[in-house]
Amino acid sequence: MKKPRYIIGIDEAGRGPLAGPVSVGVALVPSNFDWGLLKGVRDSKKLSPKNREAIFGQVIQLKKAGLLDYAVVMVSAKLIDKKGIVPAIKNALGQSLIKVMSRNSDATIDNTFIKLDGGLKAPEEFIHQETIIKGDDKELVIGLASIMAKVTRDRYMVRISQKPEFTKYDFSVHKGYGTRSHREAIAKNGLSNEHRQTFCKNIQIGSK
């Protein structure tokens with residue numbers, strides 16, 4: 001294609017945790033976007049929570065100024081159990097893409113190039129797309145999508161951790177990932193409605 005007018009980055013967060021949703025982030029920038037406005041963007045896993053939050057806040061301001069756009073869609077643990085993690089991610093990816101494209105009517109399938117991390121793929125109608133292994137650390141726009149997805153999901157896990165039914169799991173600490181303390185909490189307390197039952201089959205749950 002000719003030089004694209006827009007570039008979209010796509011990445012997900014929360015594929016592997018035992019609890020909580022999976023989230024997919026989509027970031028849209030013009031091809032001439034000044035990345036000097038967002039210094040430090042890279043794979044979200046290689047950034048401290050403080051730095052991720054700082055970049056997230058800057059993105060909110062740049063979005064308000066009309067310099068970029070983003071969307072994050074999360075799929076619940078219940079739907080992950082029902083549909084499977086791969087279909088859940090595919091569904092969230094499609095929804096977040098639609099949100100961004102519908103808000104930017106001058107961004108079209110013909111003038112937009114999509115870059116995706118890992119094994120992700122956009123719907124087939126998006127003819128200009130590329131899946132890049134470790135793309136979140138190679139392409140700034142994918143790294144940006146990964147930050148938006150992770151911060152959104154982490155904030156959700158911190159928020160629900162304050163509810164009485166979830167305090168015993170310390171979601172604010174491990175964000176639902178399978179740490180030793182999290183597995184011990186599941187063994188002791190059983191599963192909550194935020195746990196992915198299909199991911200927790202091998203955890204021995206004792207009597208309460």
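Reckoned from all heavy atoms, side chains included, excluding hydrogens, waters and symmetry mates.
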Are the charged groups of [X] and [Y] less than 4.0 angstrom apart, N to O?
X	Y	answer
Lys188	Glu184	no
Arg42	Asp136	no
Lys134	Asp43	no
Arg15	Glu12	yes
Arg52	Asp154	yes

[X] and its side-chain contact (heavy atoms from CB on, under 4.5 Å) partner, picked from [options]:
X	options	result
Glu139	Leu144, Ile132, Val41, Leu116	Ile132
Pro17	Arg196, His174, His182, Lys175	Arg196
Leu191	Ile205, Leu18, Ile203	Ile205
Ile114	Ile142, Val141, Ile7, Leu97	Leu97

For [X] versus [Y], what's the shortest heavy-atom pair and its separation?
X	Y	value
Ser23	Arg153	OG-CB, 3.7 Å
Ala145	Gly9	CB-O, 3.3 Å
Pro123	Leu93	CD-CD2, 4.1 Å
Pro21	Ile80	C-CD1, 4.3 Å
Ser96	Ala71	O-CB, 3.8 Å
Ser44	Ser146	N-OG, 3.1 Å

Is [X] linked to [Y] within one hydrophobic cluster, defined over Ile, Leu, Val, Met, Phe, Trp and Tyr using a side-chain heavy-atom separation of less than 4.5 Å?
X	Y	answer
Val75	Ile10	yes
Trp35	Leu37	yes
Leu38	Ile60	yes
Val86	Phe199	yes
Met148	Leu47	yes

[X] [atom1] to [Y] [atom2] distance, which is reported to the nearest 0.5 Å:
X	Y	atom1	atom2	value
Lys3	Phe113	NZ	CZ	14.0 Å
Glu53	Gln58	CD	CD	11.5 Å
Lys168	Ser192	NZ	OG	8.5 Å
Ile55	Lys50	CD1	NZ	12.5 Å
Ile147	Asn51	CD1	CG	9.0 Å
Gln129	Glu124	CD	CD	8.5 Å

For [Y], does its backbone N or O pair with a side-chain atom of [X] as donor and acceptor, under 3.5 Å?
X	Y	result
Thr152	Ala149	no
Asp81	Gln197	yes
Asn111	Asp106	yes
Arg183	Cys200	no

Parallel under 30°, tilted from 30 to 60°, perpendicular over 60°: which one fits the rings of His195 and Phe171? tilted
Would you please test Glu194 and Tyr156 for side-chain contact (heavy atoms from CB on, under 4.5 Å) and show each step? CA-CA 11 Å; Glu194 280 288 345; Tyr156 174 84; 2.5 Å; yes
Does the side chain of [Y] come within less than 4.5 Å of [X]'s, by heavy atoms?
X	Y	result
Val59	Tyr70	yes
Val26	Ile8	yes
Thr112	Pro4	no
Tyr169	Asn189	yes

Heavy-atom count around [X] [atom1] within 6.0 Å, excluding the residue itself: above 12?
X	atom1	result
Lys138	NZ	yes
Lys121	NZ	no
Asn202	CG	no

Lys63 vs Leu67, side-chain contact (heavy atoms from CB on, under 4.5 Å): CA-CA, chis, key distance, verdict: CA-CA 6 Å; Lys63 180 181 177 182; Leu67 297 177; over 6 Å; no
Under the side-chain contact (heavy atoms from CB on, under 4.5 Å) criterion, do Lys99 and Gln95 qualify, and how do the steps go? CA-CA 6 Å; Lys99 282 189 175 185; Gln95 287 188 51; 5.6 Å; no
Before you tell me yes or no, could you show the steps for Leu28 and Leu68 under side-chain contact (heavy atoms from CB on, under 4.5 Å), namely the whole-Å CA-CA distance, both residues' side-chain angles and the distance that decides it to 0.1 Å? CA-CA 6 Å; Leu28 177 147; Leu68 54 70; over 6 Å; no
